[in-house]
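Below is one structure; the comments refer to it alone.
All values below come from the heavy atoms of this structure, side chains included, with hydrogens, waters and symmetry mates left out. Chain naming here is simple, since letters A, B, ... match the order of the sequence lines and numbering starts at 1 in each.
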2 protein chains.
Amino acid sequence: MPTLSQENYLKALWHLAADGKVTLQRLASHLGVSPASALAMVRKLSANKLVTYRRTTGIRLTAKGRLTALQIVRRHRLWEVFLHDKLGYQWDEVHSIAEQLEHVAPADLTERLDAFLGYPRFDPHGDPIPQHDGTLPGRSDLVLSEQPPAMYRIVGLVQTHDALLRQLHSLNLTIGQVVELRHHRSFDDVFVLRVGQNTEHIGRAVAERIIVEPA
Amino acid sequence: MPTLSQENYLKALWHLAADGKVTLQRLASHLGVSPASALAMVRKLSANKLVTYRRTTGIRLTAKGRLTALQIVRRHRLWEVFLHDKLGYQWDEVHSIAEQLEHVAPADLTERLDAFLGYPRFDPHGDPIPQHDGTLPGRSDLVLSEQPPAMYRIVGLVQTHDALLRQLHSLNLTIGQVVELRHHRSFDDVFVLRVGQNTEHIGRAVAERIIVEPA
DNA sequence: TTCATATTTTAGTCACGACTAAAAAATAAT
DNA sequence: ATTATTTTTTAGTCGTGACTAAAATATGAA
Ligand SMILES: [Mn+2]
Ligand SMILES: [Mn+2]
Ligand SMILES: [Mn+2]
Ligand SMILES: [Mn+2]
């Protein structure tokens with residue numbers, strides 16, 4: 001049973017591990033703490049067999065640590081679904097509230113919440129919700145900016161942050177939305193989209209953050 | 001913005017104030033902490049103008065402290081409604097989970113939750129839910145054990161605890177249930193009730209904890 | 001290789017919220 | 001009015017999770 005702080009570290013480690021070796025620097029800056037603090041916590045987690053740490057390999061979650069982290073991510077994303085679907089929050093508002101709720105974890109609350117929400121597989125940002133056993137639903141990894149003109153369904157985002165979410169929301173580019181990629185003007189890197197009745201123009205910075213599947 | 005611990009103290013002080021002068025002893029034993037710890041916290045709360053403390057009057061919430069406490073109680077009871085009505089928990093299970101959730105309080109979450117639940121006025125135990133402005137819905141204060149034979153609706157409980165809740169649940173004596181008080185056998189202090197199709201017998205210890213209104 | 005820079009690690013400190021043990025003050029009983 | 005008991009208060013300590021500043025190691029460039 002990790003503390004609240006330990007849970008935050010485990011979740012951070014899980015997220016960071018997706019992009020290569022996890023150093024104290026990366027961990028510390030991601031959490032906004034000093035490297036000294038990060039090291040102290042890594043040692044605690046290591047003593048609890050939740051991570052291993054060698055300078056050469058960096059910080060790595062053990063199987064036990066990964067499982068724990070996935071449960072936290074599961075709670076986080078389920079609460080995001082609740083806040084979005086049931087309480088009517090916008091998708092750029094749910095993350096910070098879920099940061100609080102993810103640490104509430106008595107017995108079967110998560111499973112009841114999951115059932116109440118209808119066993120969702122993806123959160124409001126399109127991110128897969130880890131299942132009880134730690135498996136992650138699969139999702140397309142096609143980036144819009146690299147696709148040929150055709151019809152696509154938006155299924156996810158890369159490097160989500162609130163400003164991007166608000167921008168996309170104003171363009172009606174939300175999860176599940178089907179769009180037509182008309183063409184890519186290569187001389188100024190603008191992508192022309194058909195969204196419902198509107199024609200929208202987005203730059204590469206946005207287009208390369210949108211994950212799609214053929215529709 | 002009080003800390004989590006401060007919130008727990010404020011809530012305890014609000015509950016305890018209903019039964020007279022609040023001493024360090026009462027506060028400490030209610031929270032399961034030492035009197036020394038309670039004193040240290042009372043001083044912190046006092047510095048924050050949330051309570052006053054004089055040996056003669058005991059510990060008293062200021063207007064600001066009372067308002068804060070009522071918001072915590074509000075969140076607690078709203079989450080209890082959510083857990084009971086939406087997630088299907090039994091009424092003896094919701095309290096301990098709500099103890100965690102009550103401390104999650106970003107911006108308008110409480111108000112959205114209130115709306116989602118349909119603006120309930122009472123929690124699953126019949127306790128009134130403080131409104132946003134700090135007012136408490138009124139409720140009958142008639143104790144079943146002191147009423148003459150007649151039809152009554154159960155609207156609340158006195159000194160709720162899980163064992164009592166499970167006992168009452170097994171007798172189908174839940175909030176909103178209408179029962180007929182048949183008579184009181186004074187020589188052994190047993191109250192005879194008609195609950196739906198069944199006749200139930202309860203002792204004074206139970207009967208004097210049931211709050212009713214005429215039905 | 002040698003110096004400069006970046007990263008990791010140590011050492012010492014702090015706030016918070018708890019603890020125990022003992023002293024002081026207030027109440028109650030004889 | 002004295003004791004005895006209860007309650008409050010002080011004093012010192014501890015674990016958690018943060019900090020800074022400086023030392024030790026690695027890593028990169030000249
Ligand atoms: Mn999130
Ligand atoms: Mn998300
Ligand atoms: Mn409760
Ligand atoms: Mn209740």
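Atom NE2 of B/H161 is surrounded by more than 12 heavy atoms from other residues, nucleotides or ligands within 6.0 Å. No more than 12 heavy-atom neighbours from other residues, nucleotides or ligands sit within 6.0 angstrom of CZ on A/R60.
Contact check, A/R55 against D/dT25: no side-chain N or O comes under 4.0 Å of OP1 or OP2. Contact annotation: B/Y9 does not reach the phosphate of C/dC16 (side-chain N/O to OP1 or OP2, under 4.0 Å). B/S5 has a side-chain polar atom (N or O) that falls below the 4.0 Å cut-off from OP1 or OP2 of C/dA18. In this structure, A/S34 reaches the D/dC19 phosphate: one of its side-chain N or O atoms is under 4.0 Å from OP1 or OP2.
In this structure, A/G58 reaches neither bases nor backbone, as no heavy-atom distance under 4.0 Å exists between it and the strands shown.
Less than 4.0 Å separates DNA chain D from at least one heavy atom of each of the following residues of residues 21-28 of chain B: B/T23, B/L24, B/Q25. Within residues 37-47 of chain A, the residues having any heavy atom under 4.0 Å from DNA chain D are, by residue number, A/S37, A/M41, A/K44.
Going from atom CZ of B/R54 over to atom P of D/dT9 covers 13 Å, rounded to whole Å. Taking atom CG of B/L31 as the reference point, atom P of C/dC19 lies 10 Å away to the nearest angstrom. In this structure, B/N48 atom CG and C/dG17 atom P are separated by 10 Å, rounded to whole Å.
Under a 4.0 Å N-O distance rule, the pair B/E93/B/R166 does not qualify as a salt bridge. Electrostatic pairing of B/K11 and B/E102 counts as a salt bridge here, judged by a charged N lying under 4.0 Å from a carboxylate O. A salt bridge links A/E111 and A/R74; the closest N-O separation between the charged side-chain nitrogens and carboxylate oxygens is under 4.0 Å. Under 4.0 Å is where a charged nitrogen must lie from a carboxylate oxygen, and between A/R204 and A/E146 no such pair does.
Panel note: side chain B/K21, backbone B/T56; a donor-acceptor pair is recorded below 3.5 Å.
Between B/H84 and B/Y89, the distance separating the two ring centers is not shorter than 6.0 angstrom. Taking the centre of each ring, B/H95 and B/H125 stay at or above the 6.0 Å mark.
When the nearest nucleotides of DNA chain D are assigned to A/Q6 and B/P35 by heavy-atom distance, the more 5′-ward of the two goes with B/P35.
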